[in-house]
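Here's the structure we're looking at; comments come further down.
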There are 2 protein chains.
Amino acid sequence: MLDAVTPIEARRPERTLTVSEGSKTTPCSASECTLGSCPLLHELGVSKTYSPNSVVFFEGDDAAHYFLITSGVLRGCKLLEDGRRQINRFIFAGDLIGYSINPKYTFTVEAVTPVTLVALRRSAVENRVEASPCLHSAIMKSVLSELDEMQDQLVTLGRMNAEERVSRFLCLLAERSASMPAGLARDDLAQIEIPMCRNDIADYLGLTIETVSRVLSRLKADGKIAMPSCNRIVLTGRDRLKTEPGDIAA
Amino acid sequence: MLDAVTPIEARRPERTLTVSEGSKTTPCSASECTLGSCPLLHELGVSKTYSPNSVVFFEGDDAAHYFLITSGVLRGCKLLEDGRRQINRFIFAGDLIGYSINPKYTFTVEAVTPVTLVALRRSAVENRVEASPCLHSAIMKSVLSELDEMQDQLVTLGRMNAEERVSRFLCLLAERSASMPAGLARDDLAQIEIPMCRNDIADYLGLTIETVSRVLSRLKADGKIAMPSCNRIVLTGRDRLKTEPGDIAA
DNA sequence: CGATTACTTGATACTGTTCAATATCCGTGG
DNA sequence: CCACGGATATTGAACAGTATCAAGTAATCG
């Protein structure tokens with residue numbers, strides 16, 4: 001089952017998350033401009049930090065700002081009245097959030113780890129966008145990329161079983177980790193740091209914490225992963241769990 | 001359960017699907033321009049028709065065109081090697097499809113009913129976009145609106161049971177039907193035409209056809225819906241099944 | 001009118017949930 | 001340094017919801 005389906009992720013352009021801390025004032029050079037590296041954005045906004053589990057914005061708040069993540073991991077989630085929660089995505093360094101067709105945010109964003117980000121007034125960004133086609137296309141890319149991610153996630157939630165969901169989650173995380181600055185030893189074996197708790201994973205995958213835990217234990221027993229600690233996982237060998245959506249049926 | 005959660009849909013701007021069949025050459029009047037009504041787009045493209053179950057494009061095809069739907073219903077879906085299918089969304093008149101961050105389409109689109117649409121060369125649209133901020137913002141709206149829809153669907157697939165899923169589906173369809181040109185008698189009772197088969201509904205909701213069928217039967221037995229025929233459903237009375245994502249927990 | 005497809009219904013199996021207990025991790029204070 | 005306590009994670013047993021398999025019914029089309 002783990003090799004049954006191969007990823008559409010592979011076809012995607014690489015995530016660009018070069019966050020220029022120094023913010024040199026180089027002018028936006030047309031084609032290569034990415035959100036994370038754009039000095040304009042960094043100058044336009046205000047830096048902020050958030051501690052784990054603090055809220056960046058609530059669903060229903062006025063959507064007054066965009067946020068460009070500098071470091072850390074966040075979760076974007078929706079809550080139902082009865083307490084059920086769905087985490088739509090995890091948000092990483094380089095990601096832009098806050099765009100919406102609504103005047104209000106349509107989901108809540110909270111910090112998973114300590115987070116630093118740049119808050120940008122929506123109107124300020126939109127003014128800039130009119131003058132800068134480069135910025136505009138960078139934002140469009142960000143939105144389209146999120147859309148793509150959501151579509152894959154729909155396949156995961158709609159048509160995959162627990163083991164496939166967890167495997168896919170680990171693979172996605174491994175991809176993200178691979179491009180993260182805090183490079184762990186990623187030679188032959190991909191060791192991933194799991195920044196979020198089991199509860200977050202469960203709410204992301206549409207499962208319960210117990211099921212997530214059980215699947216991880218089973219993957220370990222099957223020799224597909226190793227778990228030096230409960231938030232550190234090694235995808236062992238080359239049979240790295242491949243189970244992702246988007247494949248064309250024969 | 002049916003009244004447990006209330007929709008985020010309510011907060012969304014109305015879908016605009018005024019398709020100008022006549023295509024008068026009125027110039028794009030700034031703020032009010034919508035994709036469906038934009039004469040530019042209609043002139044730019046080529047009209048096509050599709051019969052039920054024919055393919056507009058396959059996942060993996062070169063993403064050379066945008067398509068603006070004039071009439072009919074389509075499904076956007078992903079297939080897995082083993083035959084599993086997830087329908088990410090149903091596509092209606094007024095919708096624009098084909099945008100992607102990839103050079104290839106990331107999902108397959110097929111006609112559910114007879115469909116007419118306008119095919120627009122991607123490059124042609126993108127040239128226009130640079131000159132026309134109005135067109136650009138219309139496209140952005142379309143993308144953001146789809147993103148919003150996907151996010152709600154994630155909650156549905158990740159956290160809702162079969163009855164909630166089917167109820168929500170019926171409500172969404174009722175909203176869409178309400179604004180459709182072929183206006184059925186929608187006075188007090190909302191009668192909806194179900195254009196897609198049970199299999200499509202199942203693959204959209206992450207269920208099996210049997211479960212969809214059983215839930216519909218149960219809703220009927222409970223007096224929540226009436227089914228004059230198997231593709232015509234009446235949401236009876238005011239207790240119209242309200243079960244949708246996006247609600248803020250207390 | 002027969003054949004095919006779509007839909008419904010029933011019986012059973014299985015995956016994942018729920019409830020409950022136990023284990024592990026981590027920070028605090030004796 | 002170890003003991004304690006709370007939070008987080010794992011494991012077990014029973015249960016529930018949905019899938020699967022199979023049969024039967026209704027709708028559709030040539």
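By convention in this document, chain letters (A, B, ...) are assigned in the order of the sequence lines, proteins followed by strands, and residues within each chain are numbered from 1.
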statement: Protein-proximity profile, nucleotides 6-24 of chain D, B/S/- by nucleotide at the 4.0 Å heavy-atom cutoff, equals ---SBBBB----SSBB---

field: Close side-chain approach of L117(A) to I97(A), heavy-atom, < 4.5 Å
entry: no

message: Using the rule side chain to side chain contact (heavy atoms under 4.5 Å, CB included), only one of P195(B), P114(B), C197(B) pairs with P52(B); which is it?
response: P114(B)

- prompt: Whole-Å distance between dT18(C) P and R84(A) CZ?
  reply: 10 Å

- prompt: Are any non-hydrogen side-chain atoms of T156(B) and Q86(A) less than 4.5 angstrom apart?
  reply: no

V155(B) backbone acceptor or donor facing R84(A) side chain under 3.5 Å: no

query: Are S51(A) and N53(A) close enough that a side-chain donor and a side-chain acceptor fall under 3.5 Å?
result: no

